[in-house]
2 protein chains.
Amino acid sequence: MAEDREPRFRRRKTARPGEIIAAALEVFAERGFAAARLADIAHRAGVSKAALYLYFPDKDALFRAVVGEAIAPNFVELRVMARAYEGPFAALAPLLLERIARAATTTRLPAVAKMIIGESRNFPQLARVWHDQIVSGAAALVSDLIAEAQARGEIKPGRPRFHAFSLIGPMLMGLLWRETFEPIGAEPIDLAALARQHAATVLSGMLAETGR
Amino acid sequence: MAEDREPRFRRRKTARPGEIIAAALEVFAERGFAAARLADIAHRAGVSKAALYLYFPDKDALFRAVVGEAIAPNFVELRVMARAYEGPFAALAPLLLERIARAATTTRLPAVAKMIIGESRNFPQLARVWHDQIVSGAAALVSDLIAEAQARGEIKPGRPRFHAFSLIGPMLMGLLWRETFEPIGAEPIDLAALARQHAATVLSGMLAETGR
DNA sequence: GCTATTGATGACTTGTGAGTCAGCAGTCGC
DNA sequence: GCGACTGCTGACTCACAAGTCATCAATAGC
C-alpha cells in the first residue's frame with residue numbers, strides 16, 4: 001500500500017538553473033542582497049541549499065546571473081522598441097514614461113533598482129554589474145534620442161544628459177516613493193497619472209518654439 | 001618617570017551622546033544600517049561598544065537619534081528659509097534646486113537617503129522615522145509652495161504633488177547617481193549644472209503664460 | 001535487472017556581529 | 001586624602017547565515 005509514493009527528489013540538471021534564478025530574483029527583490037538568505041532561495045526553488053552550489057559558485061555569481069538572465073532582456077526589448085520608433089520626440093516621450101510606469105507595477109525591476117541603490121557601497125561589484133549591463137545603456141539610449149531630436153530642431157539646446165535626467169528623474173522618484181514609503185502606509189502615488197502630467201510639463205519646457 | 005600618563009578613559013556623561021551620534025551618522029552613511037557595526041561606531045566615538053548601551057538601548061534607537069538630532073534640523077532650517085522667502089516661485093525654485101545640489105556635496109544627507117531607500121524593506125521602522133520626520137514634511141512644503149503659486153496665477157494647473165516630483169525628481173536622480181555609480185568609475189555628474197539646466201527647463205514648462 | 005554515474009541532500013564548520021555582565025577605575029563629596 | 005558612586009571596559013554568550021562535505025538515491029546505459 002502506497003508503495004508508489006513520490007521520490008524525495010528528482011534529477012533535473014537543465015531545469016534547475018532557471019528555477020533557481022527565478023527564485024533568487026524574488027528573494028533579492030524582497031530582501032536586498034545582503035539580507036537575502038540562500039536557504040530561502042533554495043527553499044523557494046524547491047531544492048536544498050547545497051544544490052545551489054552545484055550551479056553557482058557563490059552568492060555574487062547567482063546575483064550576476066539574475067541580472068543577466070532576468071533583468072537585462074527587458075531593457076534590450078525597450079531599446080529595440082525606442083529605436084524602431086519613427087516620429088517626433090514629443091510623441092515618443094509620453095510612451096516612454098508610460099512604459100516605465102507600467103513596468104513599475106508589473107515587474108520586480110523597481111525593487112531590484114532599490115536594492116542596487118541601497119547596497120552599492122557595500123557591494124560595489126553589484127553596482128558595476130548593474131551599471132554595465134543596464135544603466136549605462138539605458139542612459140545612453142535616452143541621451144542619444146534627445147540629441148537626435150535636438151539635431152532635428154525639435155528640442156531646445158542644452159546638455160542631452162541633463163535633459164534625460166529632467167525627463168526620467170521624476171519617474172524614478174515616484175517609483176522609489178512607491179517602493180519605500182507605500183509599504184509603511186504613506187500616501188500612495190498614481191504613477192500613470194504622474195507620467196502623464198510630467199510628460200506634459202517637461203515637454204512643454206523642452207520643446208523648441210518651432211516644434212509647438 | 002612617566003607617572004603622569006593619560007588615564008585609560010575619562011568619564012564624560014554629557015558629551016558622549018553627541019559624539020556617539022556623530023560617529024554613528026558617519027558609519028551609517030558609509031555602510032548602511034544593517035552593515036554598520038556598532039563596534040566601528042564605538043571605536044570612532046572613542047569608546048567601547050558596551051558604552052553605547054549606556055546611552056542607547058539598541059541599534060534602532062541609535063538610528064532614530066541620528067535622524068532626529070543630526071538630520072532633521074537641516075530640514076527645519078530649509079523650511080524656515082522657504083517660508084520666509086517673498087517673491088515669485090520662478091525665482092525661489094532655482095534657489096531650492098541649487099541648495100539641494102550644494103547639500104549633496106557638503107553633507108551626509110544623500111548617503112543617508114540612499115540607505116533609507118535601500119533598507120526600508122528590511123527595516124520598515126527606519127523608513128517610518130525618516131518619512132515622519134523628514135520626507136512628509138519636505139514633500140508637503142514643496143507641494144504647498146506650488147499650490148500657493150498656482151493660486152497666485154504663476155503656475156499652470158495640475159496636481160501640485162506631481163509638479164513637486166517634476167521639480168525635485170531629477171535632483172534626486174542626480175544625487176543617487178553620484179552616490180551609487182561614481183564610486184565605481186561611472187561618468188561623474190555636475191549637480192550644480194544639472195540644477196541650473198533643469199530649473200530652466202521645468203520652469204519653462206510649469207509657468208503660466210501670463211507669468212513669462 | 002544491474003551497475004556506474006552524478007544530481008541532490010542533511011549535517012557540519014566557520015565567521016561575524018548584536019547584545020550582556022561582572023568588575024575596574026575615574027571623579028565627586030566630604 | 002579617602003570612601004562611595006557610577007561611567008566605562010574586556011571578555012563573554014548567542015544567533016544567524018555562507019559555504020563545505022561525506023554520503024545517499026534517482027536514473028541512464030547496458
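Numbered from 1 within each chain, the chains take letters A, B, ... in sequence-line order. No experiment lies behind these values; they were computed from the predicted model shown. Only heavy atoms go into these numbers, but all of them, side chains included; no hydrogens, no water, no symmetry mates.
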So that I can tick it off, tell me whether [Y] and [X] are bridged by a salt bridge, with the cut-off set at under 4.0 angstrom between side-chain N and carboxylate O.
X      : Y      : result
A:E19  : A:R12  : yes
B:K114 : A:E119 : no
B:E30  : A:R121 : no

Starting at atom [atom1] of [X], determine the distance to atom [atom2] of [N], rounded to an integer number of angstrom.
X     : N      : atom1 : atom2 : value
A:Y53 : C:dG10 : OH    : C1'   : 15 Å
A:R8  : D:dA26 : CZ    : P     : 7 Å
A:F63 : D:dA18 : CZ    : P     : 15 Å
A:L52 : D:dC21 : CG    : P     : 17 Å
A:F56 : C:dA8  : CZ    : P     : 12 Å
A:D40 : D:dG19 : CG    : P     : 15 Å
A:L62 : D:dA17 : CG    : P     : 16 Å

**Prompt:** Roughly how far, to the nearest 0.5 Å, is the CZ atom of A:F56 from the CZ atom of A:R64?
**Reply:**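 If we round to the nearest 0.5 Å, A:R64:CZ and A:F56:CZ are 11.0 Å apart.
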**Gap separating the CG atom of A:L92 from the CG atom of A:L203, nearest 0.5 angstrom** =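 Taking CG in A:L92 and CG in A:L203, the distance rounds to 10.0 Å.
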**Request:** Quick one: do A:M115 and A:F63 satisfy side-chain contact (heavy atoms from CB on, under 4.5 Å)? Show the steps, please.
**Result:** CA-CA 12 Å; A:M115 175 178 83; A:F63 176 80; 2.9 Å; yes
**Item:** Distance-minimising heavy-atom pair for B:F28 and B:A36
**Value:**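 Scanning both residues completely, I find the closest heavy atoms to be CD2-CB, 3.5 Å.
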**Asked** Is A:K49 touching bases, backbone alone, or none of the nucleic acid, heavy atoms closer than 4.0 Å?
**Response**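 If one applies the 4.0 Å heavy-atom cut-off, A:K49 turns out to touch a base.
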**Message:** Show, in sequence, the C-alpha distance, side-chain angles and deciding distance for A:L145 and A:R83, and conclude whether the side-chain contact (heavy atoms from CB on, under 4.5 Å) test is met.
**Reply:** CA-CA 9 Å; A:L145 290 171; A:R83 278 288 157 214; 4.1 Å; yes
**Asked** What one-letter contact string describes nucleotides 1-8 of chain D from 5' to 3', where B marks a base within less than 4.0 Å of any protein heavy atom, S marks contact via sugar-phosphate atoms alone, and - marks no contact?
**Response** -----BBB
**Message:** We want to know whether B:H198 and A:S166 form a side-chain donor-acceptor pair, criterion being a heavy-atom distance below 3.5 angstrom.
**Reply:**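 On atom types as modelled, these side chains qualify, holding a pair under 3.5 Å.
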**Request:** Go through residues 22-39 of chain A and report each residue with a non-hydrogen atom lying under 4.0 Å from DNA chain D, sorted by number.
**Result:**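 Correct list: A:A36, A:R37, A:L38.
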